[in-house]
2 protein chains.
Amino acid sequence: MSKEELKKVSDSKTIKKVKKGEPLFEEGEKLNGVFCVRDGVSKLSKLSANGKDQIVKLATKGEVLGQRSVIAEECTNLSAIAVNDMEVCFIPKESINNTLQSNPNFTLEVLRHMAHDLKEADDVIVNMSQKTVKQRIAEAFLYLKNNFGEDEDGFLALTLSREDISNVVGTATESAIRIISEFKKKGFIHTSGKKVGITNERKLAELVEGF
Amino acid sequence: MSKEELKKVSDSKTIKKVKKGEPLFEEGEKLNGVFCVRDGVSKLSKLSANGKDQIVKLATKGEVLGQRSVIAEECTNLSAIAVNDMEVCFIPKESINNTLQSNPNFTLEVLRHMAHDLKEADDVIVNMSQKTVKQRIAEAFLYLKNNFGEDEDGFLALTLSREDISNVVGTATESAIRIISEFKKKGFIHTSGKKVGITNERKLAELVEGF
DNA sequence: GTTAAAACATGACATTTATCAGTTCTTGTT
DNA sequence: AACAAGAACTGATAAATGTCATGTTTTAAC
């Protein structure tokens, strides 16, 4: 397995703590290694021409950041910023390249993983261009529930600011806030401060599908 | 090089002709091989919930279709339809898998290529979510010029229907047509039937950048 | 605890985009 | 050449989304 292989490598490497809001790396940098998330969540985002960030991915425990840039030998096109306090380990690119050279199964495993990611990217493109903001926000909440779970009080375990939510779905912050209010009024979700809990998952799912 | 390797393999395999409008494969199919484009152009699209196609990529000579599904061992998430008459060759998945197993350099090359594609996918996501329809259409024309060139009369060598253009940028056909008319009126482009030529590349580029 | 800054929220309005309903132009066929 | 079918186009209007302005709540620092 890719993750196990990676873990084996990573266990021998440097561990680093990153505080909430701090960057692991920023758009345009040349990375000399990859980061493996041991704890916490990082948002991967890209600055658009109009000055807004677009969040492309939320990476959590076990995920690897920066491997695409290292493998393609290009500067990174994304910034990685900690959404909450994180613990990551750093694996220098020499180590990655060695493993890629010497361990064909590892390479193949990484390849499979990337092929899968590419298919997911297609889905994101379709969602972004064919779904309304309302649908994308509903989908984002379902995604957060499925991927990060809920806390003991029934709120989404990963709390994002309204601005981050708007940057995930690609809309104005005010629009996102308005739709969140609407969902609350309709009883799809409940909130407490910036925390959001899903009240009616079925309704949200129906909305995503276009009802 | 990936392409040379692939060509070597592909030369020994079956060649197939596909007429304009015909599918190479359709969304949801399990592919038992990949297609290498020898001539013509194919659109890779995905049907969205609202019944509209989103074109995710236009593949031309030298490009390979279906490798992601074969590598990830999943059903394809895209349909591939010929935009004009095509000639493709088919490479069975056993052949691909053999090469992946036996030729680590080939695998690494494919991996590099995919890493690059993934970065491009990020750009598309940002474009789709942060740019206006007008900007995306301008960008599409520049893309067509850069990737497919122009004919002897100064028209884009690849002629897409208005509907295809709207499916590339993710908008309603009428909206695309309206914006094309506007561009024509402003002297950014000129048209003849469904053919489009770029008159003022600079203006289009500025528009994309947000002026 | 107080306080300033940041985040959240809402209203009013402008802009963009989609939808529907037609008309005109092209194209391929007979 | 006539014709039918599909594509391209246009107008009117509705719906979605963005922007600006402003007030309220939350958060974090002292």
Side-chain angles (χ1 to χ4, degrees), chain A residues 19-22 43 48-54 81 83-85 127-140 155 159-186 189-196 207-208 210-211, chain B residues 19-21 48-54 83-85 127-138 140 155-156 159-186 189-197 207-208 210-211:
Chain A
K19 285 241 176 72
K20 175 178 175 176
E22 285 179 359
K43 57 179 174 183
S48 71
N50 62 39
K52 295 191 60 174
D53 273 324
Q54 174 68 36
I81 295 175
V83 172
N84 43 36
D85 290 351
N127 280 342
M128 283 297 178
S129 50
Q130 303 282 0
K131 289 194 174 148
T132 65
V133 174
K134 213 173 283 186
Q135 290 176 307
R136 282 180 270 154
I137 290 184
E139 194 162 45
F155 290 106
T159 301
L160 294 177
S161 71
R162 301 295 193 250
E163 190 181 0
D164 278 344
I165 292 174
S166 75
N167 288 344
V168 167
V169 302
T171 192
T173 307
E174 297 96 320
S175 298
I177 288 174
R178 242 180 271 277
I179 289 168
I180 290 170
S181 298
E182 188 191 327
F183 283 178
K184 196 161 64 172
K185 216 166 282 169
K186 287 186 176 166
I189 62 174
H190 50 105
T191 67
S192 169
K194 58 177 56 173
K195 282 190 292 187
V196 173
L207 207 167
V208 172
F211 290 102
Chain B
K19 284 241 177 71
K20 175 178 175 176
S48 72
N50 62 39
K52 295 192 58 175
D53 272 325
Q54 174 68 36
V83 172
N84 43 35
D85 290 350
N127 280 343
M128 283 296 179
S129 49
Q130 303 283 359
K131 290 191 172 149
T132 65
V133 174
K134 213 171 285 186
Q135 290 176 308
R136 281 180 270 154
I137 290 185
F155 291 106
L156 294 172
T159 301
L160 294 177
S161 70
R162 303 295 193 248
E163 189 181 1
D164 278 344
I165 293 174
S166 76
N167 287 345
V168 167
V169 303
T171 191
T173 307
E174 296 96 320
S175 298
I177 288 174
R178 245 180 269 277
I179 289 168
I180 291 170
S181 299
E182 188 191 327
F183 284 177
K184 195 162 61 171
K185 215 166 283 170
K186 288 186 175 165
I189 62 174
H190 50 106
T191 66
S192 168
K194 57 178 58 175
K195 281 189 293 186
V196 173
L207 207 166
V208 172
F211 291 102

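Letters A, B, ... are given to chains in the order of the sequence lines, protein chains preceding strands, and every chain is numbered from 1.
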Is it the case that the side chain of A:Q135 and the backbone of A:L207 share a donor-acceptor pair, with hydrogens and angles ignored and the cut-off at 3.5 Å?
yes
Main-chain N/O of A:K19 paired with A:D85 side-chain donor or acceptor, under 3.5 Å
no
Check: C:dT19 base within 3.5 Å donor-acceptor of B:R178 side chain:
yes
Pick the closest DNA chain C nucleotide for A:S161 and for B:T132 by heavy atoms, then say which residue is nearer the 5' end.
A:S161
Which is more 5' along DNA chain C, the nucleotide nearest A:L160 or the one nearest A:S129? Just name the residue.
A:L160
In this structure, how many angstroms lie between the [atom2] atom of [N] and the [atom1] atom of [X], rounded?
| X | N | atom1 | atom2 | result |
| --- | --- | --- | --- | --- |
| A:K52 | D:dT17 | NZ | C1' | 11 Å |
| B:N167 | D:dA8 | CG | P | 11 Å |
| A:N50 | C:dT15 | CG | C1' | 15 Å |
| B:K131 | C:dT16 | NZ | C1' | 17 Å |
| B:K184 | C:dC25 | NZ | P | 12 Å |
| B:I137 | C:dT16 | CD1 | P | 14 Å |
| A:E163 | D:dT19 | CD | C1' | 15 Å |
| B:E182 | D:dA8 | CD | P | 19 Å |

Say you draw a straight line from OG of B:S166 to CD1 of B:I179; how long is it, rounded to the nearest 0.5 Å?
10.5 Å
Check step by step if side-chain contact (heavy atoms from CB on, under 4.5 Å) holds for B:R162 and B:V196.
CA-CA 10 Å; B:R162 303 295 193 248; B:V196 173; 3.9 Å; yes
Have a look at A:S175 and say if it touches a base, only the backbone sugar-phosphate, or nothing, with a 4.0 Å heavy-atom cut-off.
base
Using a heavy-atom cut-off of under 4.0 Å over every strand shown, decide if A:E174 touches base, sugar-phosphate, or nothing.
base
Does a side-chain N or O of [X] approach OP1 or OP2 of [N] to a distance below 4.0 Å, or not?
| X | N | value |
| --- | --- | --- |
| A:T173 | C:dA7 | no |
| A:K134 | D:dA16 | no |
| A:K194 | C:dA7 | no |

Earlier contact from the 5' end, DNA chain D, for A:I179 and B:K185
B:K185
Do you know which of A:K186, A:K184, A:R178 makes side chain to side chain donor-acceptor pair (under 3.5 Å) with A:E182?
A:K186
Which nucleotide in the list D:dG18, C:dT19, C:dA9 gets nearest to the side chain of A:I177?
C:dA9
Side chain of B:T171 only, please: which of C:dA9, C:dA18, D:dA8 is the nearest?
C:dA18
